[in-house]
Amino acid sequence: MMYTCRCIKLTAIAAATLAALATLTPAQAAEDEDIVQLTKPESSVEAGIGYVNKDNQRFGQYNGLKDNGVYGLLDLNVVRRDDATGTWLKLSGRNLGLDNRELRFEHNQQGNWGYFVEYGQTPRYNPLDVNTRLVGAGTSAQTINGAAARYNLEMKTQRDALSLGAEKIFIGGFSVQVRFKNEEKDGARMYGQGTPGTINFLTDPINQTTRQLDVVLAYTGERLQLSGGYYGTTFENRNNLLNVTGGITGQTPMALPPDNQSHQLYLGGGYSFTSTTRGTFNAAYTHQTQNDTFIVLPTLGGRTDLGGVVDTKLLQAGITSRPLPKLSLLGNLRYEDRPDRTPIDRYNTPGGTQNGNNEPRSIRSLTGKAEAGYALPMGFRLTGGFDYDQRNRNFSPVRVVSAREETEEKSWRAELRRSMSETTTGALSYVHSDRDGSPFLTTRRNDGTFGANLIAPPHLADRKRDKIRLSVNWEPTEELSLQFFADEALDKYESRTVLGMGPNNGKARNYAVDGSYRFSPEWQATAWYSRNETRADQATCATLTVDAVTGAMTCPASQAANLRNVGDAFGLGLHGKPLERMEIGTDVSYSDINDEYRQRALTGAAVTSLPDVSTKLTSLKVFAKYAIQKNAGIRLNYIYDRVSTNDWTWTNFTYSDGTSVFQNPNQKVHFVGVSYFYRWQ
Amino acid sequence: MKKDRTMKNPRHTIAIVLNTMLILMGVVLLFPATIAAQPTNPAQPADTTARKDLVLKGDAQCTRCHDADGEFPVLAIGKTKHGTVADGRTPTCTSCHGASETHINKPAGVKERPRPDRVFGKKSNVAAEIQNQACLTCHQGGKRIHWQGSIHASRDTTCTSCHQVHTGHDKVRDRATQAEVCLTCHKEQRAQISRPSRHPIKEGKVACSDCHNPHGSAGPSLMVRDSVNDTCYTCHMEKRGPFVRTHQPVTENCAICHNPHGTTTPNLLRSRPPFLCQQCHEPTGHRGQVAGVPGGYSPGTAGTIARGCLNCHTNIHGTNNPTDLSGERTFRR
């Protein structure tokens, strides 16, 4: 009896404990479950369908939503982590039902080893409708007007990229990484052939493989970090020529890009001399070749391939230091020598403007910068700097374009910046650049007589550039944030002659205002406006004559163009949670871009300017997400996309072979998608 | 007798063991902190000793106030690599934020709780380089070797200007959302990436980091490879050559003719032919043509309509055709 009683007593304690467990464990378990939800990786899957209401040229250009119809929507992100070992297993897929799908598998033990496999597809649909009789589009043998009747040709290129990678981290800060990427690019895009009086439509048949291999050996220590290795690339083109039937006499076959390859060895690193002084460097040597067999044998000489070789050497060194708490210094020097060592041979009979030789292009550059910054009271910092850029190029002795071998550009800059403040930060900077160089080479024809020596190309010309930039971030309250940005750059080019031909002035001007406001923890809105403007004043001569003996040039009829591109754009966004289970959002953006040509005669007959081109882009995106349960719900997406333009480029134009091209001037597309999402851990 | 009887009765023994286990389980479940590890910081207040770490070693002193809500939600760090504590390199709260003694133990007589030693974010009163040093202590190697001296570093950009550490989804490390982060500062590019001729950035197929290494590089404009051209060639290797006839600006810098962020002229050209071409080419012969009025074809306007100058000079980057039967020198074949 005593035994019985004792057992009952003990059981009663246990029962009480169980009762406590029954009443308290759920709460504790719920808390633990919450903690797990908040701290452990999460997986998700989202599947649904989408509908595009009409065929379009622009909206689906890169995402495959190009045709009217129904599309499958599938995204997934499966993540597992073994907390005991820190081993991750990830499978992620995006847009799996569309042409721009991506899939990646990754497995790694953090801090030890890892590998991944990734596949990605990138389509590009030609945004123009082509109506043609071309036969063999997209192949290396095309026949102009080979088809009995015209047909609509849809052109597309697609990149299929497969990447593999692995990593191993060793003790002591050493690691090795290997990455390999194979990308296949197939399809067709617009191409053509022409001669005065005739322009034929052709397609560029693309069937290419690009491969990149990167092997990186790295060391990461407390003071010293090194990263070096091998980077090799190959480009393989299965269509290295295009045979054209029915085209312009003498213009077949046409050469397509040749196979080429490169091998690079490199070493970069950094060393922290002290906690405030650090040096960095980079050195690389690249051996690049192109020895694809010629598509036809040259007229002269016996070469069967170019034997192209470019050996590039790069050296870079930099140092940053803070010798005083308020003073920071920076210096950087970079030297790159890219000599084109391709042998020079005579390939064909010299003519008036060429000597029949190939023309290797070498370039050597030396750039550097020095900068000093000093911290001022109230969180301000004043920075001054000097930039240097010197380039040396080689040119063939016979040219038709003006050339100068050396350019040298010096820039001085100053900036006042405030980075630390509770409410207002910003920066005001000014840069002045001055570029000049060696005398322009005198352009002569192959027989030694003078050619035209009128134009200073914009990347070679003497140029003075002034640039000013202002940015302000203002957060007057926790809820409101405003940003203002403005910059303006003025370029003044110096012409080679008093005729003032070529680029004269350039201007770039950008303004932007951004604001965001948080109405409550659940609701916030954003708005922005920007204006971007570029201008280029340039002039050319319609009837230039050059005295072959004296080189004197006369230009009785010249015209100028004041090219202006101005874009106004704004965006609005509203995101919120009207209900505990519901989340909604909308983003609208609008751009109005104008290209103006503003041609005018300087001398000679009046010039009728090209009409301006106006392009308007509108995008409205709305989403609503409703949680049916804690980890699952439904998402609704709506997109309205509109492109309108009065671009006259293809209007009333027909190729000599009869091919016509149509650009829809007003494209409106509606997309609706509904999907179910589910999350788990 | 009772003792003997109790000990000798196996059912009784089992009951005692079971009950003891249940009691211990109850104690453990009801008072988990009593068996938790000893606090790592003996100076922390008494109430924190009653809590256990939720993610990182020693985080109990922080998570007693900071959870998944409020102004500084922290728990989602557990979903990230930083929260993978099996990796011995992962940080603690104080490795990044400093010991922050006065923040944890508010001194008497102080009205507002002092901030942690190292606060990150826009309203931080800690200098950018000191904020960044917290990250660089572990992340200085690899692609961040050249951080110091980069334009971002010298303009006081902090790691947290772009990265969100206490979240399972760091937008800037996701190709689909990365541009949103970059474009908050790069306003000009925000407008350009929507222009009719563009890279598929909005679709997430090209990310800013495909071309730029925001952590610094040996190339210009933070290019991921050693030059602008070498970066472009990673996707456009067919333009690399060298060719029998090579267009000079092509070898110097792709950006002389192209604006990679977006334009209204097809193929990312900076301006429409023939204007673009006339910036360099001497105006002898047809090269000086007046850009023609649309509405029909004539040799004089061939440089304006359709593909412009490229109607004929179709291999504009270079041609490897060694003959000169029909103007290969001018990239027509």
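For the numbers below, each heavy atom of this structure counts, side chains included, while hydrogens, waters and symmetry mates do not. These numbers come from a predicted model, not from an experiment.
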[X]-[Y] side chain donor-acceptor pair, cut-off 3.5 Å:
X        : Y        : result
B/Glu282 : A/Ser402 : yes
B/Asn253 : A/Arg391 : no
B/Arg240 : A/Ser262 : yes
B/Asn125 : A/Glu422 : no
B/Arg307 : A/Tyr191 : no
A/Tyr347 : B/Asn321 : no

Shortest non-hydrogen contact from [X] to [Y]?
X        : Y        : answer
B/Pro242 : A/Gln288 : CD-NE2, 3.7 Å
B/Asn320 : A/Phe294 : O-CD2, 3.5 Å
B/Lys79  : A/Leu38  : CE-O, 3.4 Å
A/Val296 : B/Pro322 : O-CG, 3.2 Å
A/Leu330 : B/Ser154 : CD1-CB, 4.1 Å

What part of [X] lies closer than 4.5 angstrom to a heavy atom of chain B: side chain, backbone, both or neither?
X        : value
A/Thr39  : both
A/Leu563 : side chain
A/Thr220 : side chain
A/Ile319 : neither

Are the side chain of [X] and the backbone N or O of [Y] linked by a donor-acceptor pair below 3.5 Å?
X        : Y        : value
B/Asp226 : A/Leu314 : no
A/Gln110 : B/Lys81  : yes
A/Arg124 : B/His199 : no
A/Gln212 : B/Thr234 : yes

With a 4.5 Å cut-off on heavy-atom pairs, point out which of [options] contacts chain B the most.
options                               : answer
A/Ala218, A/Ala284, A/Cys541          : A/Cys541
A/Pro127, A/Gly192, A/Ser589, A/Gly86 : A/Gly192
A/Lys40, A/Arg361, A/Gln316           : A/Arg361
A/Ala427, A/Gly269, A/Gly567          : A/Gly269
A/Pro41, A/Ala84, A/Gly308, A/Pro360  : A/Pro41
A/Pro458, A/Ser227, A/Pro503          : A/Pro458

Are B/Gln140 and A/Gln225 close enough, and set up right, to give a side-chain hydrogen bond (donor to acceptor under 3.5 Å, both in side chains), and what steps lead you there? CA-CA 7 Å; B/Gln140 178 72 83; A/Gln225 299 83 35; 4.7 Å; no

Which portion of B/Val126 sits near chain A, non-hydrogen atoms under 4.5 angstrom: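 Only the backbone of B/Val126 comes within 4.5 Å of chain A.
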
So what's closer than 4.5 Å to chain A heavy atoms on B/Asp230: side chain, backbone, both or neither?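 Answer is side chain: those atoms of B/Asp230 sit under 4.5 Å from chain A.
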
Carboxylate-amine/guanidinium contact [X] [Y], below 4.0 Å:
X        : Y        : answer
A/Arg278 : B/Glu129 : no
A/Glu475 : B/Lys123 : yes
B/Glu252 : A/Arg393 : yes

CA sep, side-chain torsions, deciding dist, call: A/Arg338, B/Thr251, side-chain hydrogen bond (donor to acceptor under 3.5 Å, both in side chains): CA-CA 10 Å; A/Arg338 187 185 165 85; B/Thr251 58; over 6 Å; no

Is there a side-chain hydrogen bond (donor to acceptor under 3.5 Å, both in side chains) between A/Ser530 and B/Arg190? Walk through the geometry before answering. CA-CA 9 Å; A/Ser530 72; B/Arg190 176 175 62 187; 4.8 Å; no

Under the side-chain hydrogen bond (donor to acceptor under 3.5 Å, both in side chains) criterion, do A/Thr195 and B/Arg332 qualify, and how do the steps go? CA-CA 9 Å; A/Thr195 195; B/Arg332 288 162 59 197; 3.0 Å; yes

Answer yes or no: does atom NZ of B/Lys202 have more than 12 heavy-atom neighbours from other residues, nucleotides or ligands under 6.0 Å?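 Counting other residues, nucleotides and ligands, NZ of B/Lys202 exceeds 12 neighbours.
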
Name the option with the most non-hydrogen atom pairs under 4.5 Å to chain A; the candidates are B/Ser271, B/Cys235, B/Pro73, B/Gly318.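 Of the options given, most contacts go to B/Cys235.
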
Just so I know, are the side chains of [X] and [Y] near enough to count as touching, which here means a heavy-atom distance under 4.5 Å?
X        : Y        : value
B/Gln248 : A/Phe395 : yes
B/Glu238 : A/Asn237 : no
A/Gln354 : B/Asp324 : yes
B/Glu188 : A/Phe485 : no
B/Pro196 : A/Val643 : no
B/Thr314 : A/Gln193 : no
A/Glu359 : B/Phe243 : no
B/Tyr233 : A/Thr210 : no

Please step through salt bridge (Lys or Arg N to Asp or Glu O under 4.0 Å) for the pair A/Glu336 and B/Arg225, ending with a clear verdict. CA-CA 13 Å; A/Glu336 187 185 60; B/Arg225 305 245 50 113; over 6 Å; no

Test B/Lys187 against every option in A/Asp487, A/Asp514, A/Asn532 by the side chain to side chain donor-acceptor pair (under 3.5 Å) rule and name the one that passes.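 It is A/Asp514, the one option of A/Asp487, A/Asp514, A/Asn532 that forms the side chain to side chain donor-acceptor pair (under 3.5 Å) with B/Lys187.
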
Can B/Gln279 and A/Ile455 be said to form a side chain to side chain contact (heavy atoms under 4.5 Å, CB included), step by step? CA-CA 7 Å; B/Gln279 289 181 350; A/Ile455 304 289; over 6 Å; no

